[in-house]
Amino acid sequence: MSAPMDFNIPTCERSTLKEKIKMAHRLGYKAVAINIFIPELTQTSKKKKSQQQDIAPAKSLKLSDLELQELLGPTWKSFRQLTRISATLADVQHNFVMQACTALNVDIITLDVTEKLPFKLKRTTINAAVQRGIKFEFQYSPAIRDSTLRKYFIANAQQFVFCDKGKNIILTSGCEKAMELRGPYDVANLGSLLNLNAAQSKAAVTLNCEALLKHSESRRLNKSVSKVEKLEEIPGNETWLLDKLRVHSSLESVNGGSRDIAGIHGIDSSDEETSVDGPAAKKIKLVQT
Amino acid sequence: MPLQDHDAHVISRYIVCKLEFGCRVTLPDLTQDAVYRAIATELQVLHGDYGTACARKYPNLTVQYLNPSTNLVMVRCSRDQCKQIQSCLPFVKKIGEVDVFLHTLHLAGTIRSCMKFIVRYHKSQLPLLMSECRNPVERKKVQEMLTDSCADSGRTLGLLERSTTSQ
């Protein structure tokens, strides 16, 4: 299988997280996303102070390079760790779902399959989301834990597949323990229970996940094909490009131009001084699927 | 004269799984019987009487091979029922009292093909074992096994022959 990925490993204490990541690596997953939940923000009128929780920055959620190396052994480099934030809708009604599918700036919509869906699934809303590239996620760990949850999982997921013909689905675990993870081949076999055909179930674990990653990158860039990055922010394994490009440091016009471009794309141009003598920015071509 | 009835050609599928234990210090010994019973209970829960009944016709659902040191299991089922069985494998949580799950590695039509896969799989696991060796004695053993296994491959054998004949 090409690059199976698991996109929902909820955060928990460090030791359990390490176990989960080690298990995911052993089972053959190439990328994993660590999930942090923002609890429903309820309106309590008395409190003036808003209930904004401090969300830990992405770096502190992931395992550091050293920890990863210790944990996974010699093949640690091919394993990617990603992070993700989930917000929950408190009172799920049809209008909210409609808005989420058409307007909200999200990558994944998770349908809670452990209870009866409180709203009716409509083909129009789902198609709107599919066109925008949003993926619908089903978690299989609840189904493994409990028998009644299993029935709801199969019922809700089948209903969804019926509405949307099996496109844009990803299967993820929402595992609480490392022992609730399953290998990618097994997860793809679960697709047959949900009326997905063989190709669609495989795609649910591999291709759709890759498309999701590209979609999340493109979300930051509005509509574009190329992305502009500052040279200082290039990740370590791509610094060889600097030599290849042989960038000269005295290009004023390029600097001015790149600054504008960064503005248009709405990139977090952390306004460090793009000094006149600083290196010019680097262009990356983004391949959209 | 009545026609002799011959057995129709039996088509089965062989699934190679690995028993994954999680982080345990001592790995318990499991029998083929215990693994079979775990899969059969899951089949009953998920596909009911129909599933269990289909698993009884020849070729029945059986656990053909279990390697206690590497925890590889080979399960046989009929080709028609293969999808059903594969769909209930992820739901196995416990075998006996032990928390285990099955990680499907390979699906094949013959035992021979499965065995070939198992040999390749063992060979690919040797370098990983190497990194987990704790003292030089173990490391030397694993290294010898590695070089032996490389020597089996056709290309290296050819190279060896050429180098010995040229000398």
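Because the structure is a prediction, the values reported are computed rather than measured. Letters go in sequence order (proteins before strands), and every chain restarts at 1.
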Side chains of B:Ser69 and B:Asn67, donor plus acceptor under 3.5 Å: yes

Proximal component of B:Val45, with respect to chain A [non-hydrogen, under 4.5 Å]: side chain

Heavy-atom contact with chain B under 4.5 Å, split by part of A:Ala188: neither

Aromatic plane relationship, A:Phe79 with A:His25 - under 30° parallel, 30 to 60° tilted, over 60° perpendicular: perpendicular

Ring center gap for A:Phe153 and A:Tyr140 short of 6.0 angstrom: no

Segment of A:Met179 engaging chain B (4.5 angstrom heavy-atom cut-off): both

Toward chain B, the part of A:Leu193 with a non-hydrogen atom under 4.5 Å: side chain

A:Arg150 to B:Phe91 six-membered ring, cation-pi geometry met (6.0 Å, 45°): yes

For chain A, the option from B:Glu20, B:Lys18, B:Lys83 that forms the most heavy-atom pairs under 4.5 Å: B:Glu20

A:Arg123 NZ/CZ over A:Phe162 ring centroid, <6.0 Å and within 45° of normal: yes

A:Ile144 versus chain B, the contacting section by heavy-atom distance below 4.5 Å: both

Salt-bridge contact A:Glu19-A:Lys177 (side-chain N to carboxylate O under 4.0 Å): no

Contacting moiety of B:Gln84, where chain A heavy atoms sit under 4.5 Å: neither

